[in-house]
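Structure, as structure tokens:
If you read the sequence from its start, that first residue is 1, and numbering goes on from there. Read the numbers this way: they start at 1 and go in the same order the structure lists the ligands and their atoms.
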Amino acid sequence: MADISIGVLAVQGDFHAHIKMLQTLPGVNALEVRTQQDLESVDGLVLPGGESTTIIKLLTISGLGQAIIQRAQQGMPVYGTCAGLILLAKQVNERPDQPTLNLMDICAARNAFGRQVDSFETDLVVDTADGSIPVRGVFIRAPFVAHYEPAVKVLATYRDRVVAVQQGRLLATAFHPELTTNNAIHQYFVGMVRRSVEQV
Ligand code: GLN
């Protein structure tokens, strides 16, 4: 099986944890992506958690955001966690002026679980195309998906709130699998990337 390269956007946020988790998967080169040149060498991209407003500012200034949009539109798989989910969304609840990468037909509600429950963990099941994956959902000032278009598949909910979605080659979770010891969601994303590489 040929190696594939998966990039992790490394301008801000918890990119180290994603790199570490991807390195546990056989046949995967995990690379930090900071420039358009870095992006050219990857087959798929992870957008980590962090501060979505800061990340989008940095992406806009550098032009890297536009390059990511272009690659995604050409079929490169992208997986966003937490702030990454917000970046993928076409709309942000209550902040319609917040720029995003505008790729997924979802509306993200930011910091949606409220101050009292800023961060929490819970057991979840993620219903992927490759089967149901039980995970420990780690939520940190997490968003949820407030609205979605029919093209979007809901993979997981928590208390009736949508917390994992997929639209074609775009995957997003409100929680952080990279902060657990379970690499199954990353494994699933690697499968998406492998299939996309085989189809080119
Ligand atoms: N609340 C953050 C934001 O809006 C996301 C939090 C996270 O990524 N852990 O960008």
Side-chain angles (χ1 to χ4, degrees), residues 6-22 30 32-34 44-62 64-65 68-69 72 77-124 126 135-148 152 155-159 161-167 170-186 188-189:
I6 300 199
V8 182
L9 181 68
V11 297
Q12 196 264 342
D14 80 329
F15 54 90
H16 285 298
H18 279 287
I19 293 275
K20 270 198 183 155
M21 184 148 270
L22 288 166
E32 294 182 2
V33 170
R34 292 195 177 78
L45 182 70
V46 175
L47 306 175
E51 184 51 46
S52 56
T53 49
T54 307
I55 298 175
I56 197 69
K57 260 185 216 148
L58 296 169
L59 290 182
T60 306
I61 293 166
S62 65
L64 182 55
I68 293 171
I69 292 169
V78 183
Y79 171 31
T81 57
C82 201
L85 177 150
I86 298 167
L87 292 175
L88 285 172
K90 285 205 170 154
Q91 243 193 319
V92 181
N93 216 359
E94 291 166 18
R95 285 285 308 270
D97 55 327
Q98 178 168 334
T100 67
L101 298 175
N102 206 13
L103 288 167
M104 269 183 118
D105 293 319
I106 59 174
C107 172
R110 283 185 72 198
N111 302 317
F113 292 95
R115 290 218 173 122
Q116 262 73 48
V117 283
D118 224 18
S119 302
F120 60 97
E121 291 188 23
T122 187
D123 289 322
L124 292 172
V126 183
V135 298
R136 186 79 182 150
V138 176
F139 292 81
I140 304 168
R141 285 177 288 107
F144 68 81
V145 177
H147 304 285
Y148 55 92
V152 176
L155 306 188
T157 58
Y158 169 69
R159 296 194 174 161
R161 288 176 168 178
V162 174
V163 293
V165 285
Q166 184 173 345
Q167 180 174 11
L170 305 174
L171 176 70
T173 62
F175 50 90
H176 294 268
E178 76 282 6
L179 299 181
T180 72
T181 52
N182 179 354
N183 63 14
I185 299 292
H186 287 73
Y188 176 63
F189 181 62

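Under a cut-off of 6.0 angstrom, the local environment of OH in Tyr158 is crowded, with over 12 non-hydrogen atoms contributed by other residues, nucleotides or ligands. Within a 6.0 Å radius of NZ in Lys57, other residues, nucleotides and ligands contribute 12 heavy atoms or fewer. Within a 6.0 Å sphere centred on CD of Gln91, heavy atoms belonging to other residues, nucleotides or ligands number 12 at most.
For Tyr188 and Gln166, the side-chain atoms include at least one donor-acceptor pair closer than 3.5 Å. When only modelled atom types and interatomic distance are considered, Gln98 and Ser52 share a side-chain donor-acceptor pair under 3.5 Å.
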Would you please test Ile106 and Phe144 for side-chain contact (heavy atoms from CB on, under 4.5 Å) and show each step? CA-CA 10 Å; Ile106 59 174; Phe144 68 81; over 6 Å; no
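Listed by chain and number, residues touching ligand 1 at under 4.0 Å (heavy atoms only) are Gly49, Gly50, Glu51, Ser52, Cys82, Ala83, Ile86, Arg110, Asn111, Ile140, Arg141, His176.
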